[in-house]
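In the text below, chain A, chain B and the rest are named by the order of the sequence lines, each starting its count at 1.
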Amino acid sequence: MRRALQILCWLFAAMFFFQETWALELEDNDYKLIDQSEGIAAGSISGDDHNFWQKAGQKQAELEHQWDFFESKDVNEIFDHVVCRLWKQVHSDLPPPAVKIIKDPLPNAFVYPNGACFVTTGLLTCIFNEDQLAMILAHEMVHYVQKHALGVNGHFTTPHISNEGFGAGKDSGKGKGLSEARIDTYRLEAEYKADIQGLNMMLSAGYCISEAISLLDYFIRLGSGAGFEQMMAVSLISYEKRKENLINMLEKQSESKTCNDMSQSGELFRKAIAPVLLSNARSALRRGLYPLADKNGLEYLSLRPLDPNGHFVLGEVRRLSASQGSINDALIFYKNAIDLNRQFAPAYKALGIVYMKSGQKKLAKTYFETYLSLEPHDNDCEFIKGYISLCGN
Amino acid sequence: MKFSDGFHLRCFILAFAGLALLFLGCSRQVQSASQILKTPNWSVNVPPNWMRLSKPDNTNATILSFDGACLQYIFIQDRRISQAFLYTRHVLRDGMLPHEIADVIVEDLRSDPHIKHFNPISIEPAMIANQPGFKMIYTYYDQQDVKFKTLYYGALVSGRFFNLRYAATLRHYFEKDLNTFERLFGSLHLK
């Protein structure tokens with residue numbers, strides 16, 4: 001009897017334990033695939049540098065698998081030229097950074113401890129000349145050469161430094177635990193150094209450093225613009241403070257260099273990065289960022305008016321934003337694209353969609369059939385065949 | 001354990017049973033799903049022994065699972081067309097064609113920072129309880145680097161976006177309950 005009671009008690013206990021555990025698993029948000037991961041620099045607390053480099057390398061490899069990279073020989077040449085010119089000012093045994101461009105409409109740039117540097121198409125479309133590109137790359141190079149990420153990794157042992165004077169941005173150390181506050185303080189300091197030393201690098205390389213201030217002005221305007229306020233990657237130091245720091249630095253410069261008129265070199269630069277504008281317009285379209293897609297698409301069209309892709313992107317912006325006036329404009333852009341290239345299949349599909357939705361089924365069927373004749377194996381072909389059958393005879 | 005007399009033994013058993021029942025009752029988010037799951041807008045026949053987990057938020061979603069949501073689940077959602085997506089600025093509209101809706105869903109999934117290596121395998125037209133929609137199959141890795149496969153059905157229905165998906169770890173669980181999901185899908189009734 002006693003043995004049976006003991007078994008019963010254990011059964012009750014087991015039932016309680018496993019039920020609670022399973023309930024805990026179900027309460028866990030894993031089924032929604034949540035659990036934001038900490039960044040490598042902020043999350044790593046080990047003093048083991050080798051482990052840190054390995055983790056950074058793993059994270060970078062993961063990144064490279066997940067993201068779409070923008071490739072263009074002409075744009076790569078611009079980057080190579082700027083990197084080379086800046087790197088000559090660096091006295092280090094490290095290899096020069098390798099820069100890759102990510103197709104992402106949000107402006108951002110970052111560097112990994114091993115020198116792999118990433119810039120988004122969103123950021124490139126904000127840059128108007130080679131000097132501004134040099135500012136971005138010089139900033140990241142300083143992080144790389146000074147090993148700031150490694151510094152954050154080992155920073156738990158350093159004394160607390162006040163972050164006043166660095167103009168902390170939204171994500172300052174306020175309200176956080178002491179360790180996080182120390183990391184934030186170190187990161188603020190690192191950002192400040194990257195700005196200042198990056199400017200020195202630009203100056204030594206013969207770039208116009210007042211262009212850095214123009215770029216920050218642009219970010220400030222962009223961040224406050226309608227539809228763009230969430231576009232900007234958070235800067236640890238506010239753009240206004242960074243601009244103030246740079247102006248102070250410029251005033252202290254014993255040598256002042258007047259910049260040559262930037263307008264012509266700016267025009268050439270924008271022409272050279274025109275493919276980035278089209279790529280970013282497409283990326284913005286995919287995310288539903290219609291104002292940005294329109295902005296980039298219009299500029300691309302002004303630079304390359306005979307490319308049907310530019311007309312098509314602008315047609316898509318108008319069609320997907322879907323007011324009646326914009327649908328009529330979309331039709332014009334699609335037809336422009338077809339006038340420039342009779343084989344431009346996406347425009348036929350888009351016209352078919354517009355006419356089908358407006359009830360002009362015969363016209364829709366014609367365009368859909370033309371589309372299928374040009375792209376018989378497209379991903380959407382089964383859908384299009386279904387729409388054709390709905391259009392009747 | 002030793003008890004000096006029967007009275008203490010009975011007290012112990014009663015106390016233990018009471019505690020066990022109390023804690024069992026605390027797992028209120030996990031319920032045995034009744035055989036027919038009905039809402040104002042849809043109903044399905046729930047497979048035997050599948051549990052229901054309802055999230056107390058505004059997703060209008062019902063989640064069913066047999067082995068635990070970390071291994072497999074069926075997700076049924078009925079959302080307003082105007083409801084914004086989390087990771088893109090797209091908005092669904094009345095009159096959108098099935099492939100356009102699929103494009104919006106794909107972009108939202110692709111932009112989801114919690115999903116890694118999102119890979120759409122196929123997207124094709126499908127009827128969802130006599131409503132024209134789409135069927136999509138995709139794989140991805142979760143934050144623990146476990147590979148999942150999902151079968152996703154979606155359609156616009158009377159000003160709402162209805163979607164029904166079956167997700168499970170690619171290894172073992174996806175194939176194990178695929179037929180079960182197909183039976184549930186076959187029982188779907190949209191109002």
**Q** So which heavy atom on B:R89 is nearest to which on A:G288, and how close?
**A** CB-O, 3.2 Å
**Q** Taking everything shown except B:D145 itself, do over 12 heavy atoms lie less than 6.0 Å from its CG?
**A** yes
**Q** Among B:P98, B:G95, B:P132, single out the residue with the greatest number of heavy-atom pairs under 4.5 Å to chain A.
**A**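 Heavy-atom pair counts peak at B:P98.
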**Q** Taking everything shown except A:K361 itself, do over 12 heavy atoms lie less than 6.0 Å from its NZ?
**A**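 Not more than 12 within 6.0 Å, no.
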**Q** Of all the heavy-atom pairs spanning A:R286 and B:H90, show the shortest one and how long it is.
**A**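 Nearest pair, atom of A:R286 first, then B:H90: O-NE2, 2.7 Å.
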**Q** Under a 4.5 Å cut-off applied to non-hydrogen side-chain atoms, are A:F383 and B:L97 in contact?
**A** no
**Q** Hey, which of B:M96, B:Q72, B:H117 has the most heavy atom pairs under 4.5 Å with chain A?
**A** B:H117
**Q** Look at the aromatic rings of B:H99 and A:Y387 and report parallel, tilted or perpendicular, splitting at 30° and 60°.
**A**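 Rings of B:H99 and A:Y387: tilted, as their planes differ by 30° to 60°.
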**Q** Sub-4.5 Å heavy-atom contacts with chain B: which residues of residues 366-379 of chain A show up?
**A**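 The residues closer than 4.5 Å to chain B, in numerical order, are A:N379.
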**Q** Please flag which part of A:L390 lies under 4.5 Å from any non-hydrogen atom of chain B: side chain, backbone, both or neither.
**A**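 Neither part; nothing is under 4.5 Å.
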**Q** What heavy-atom pair brings A:S321 and B:R93 nearest, and what distance separates the two atoms?
**A** O-NH2, 3.7 Å
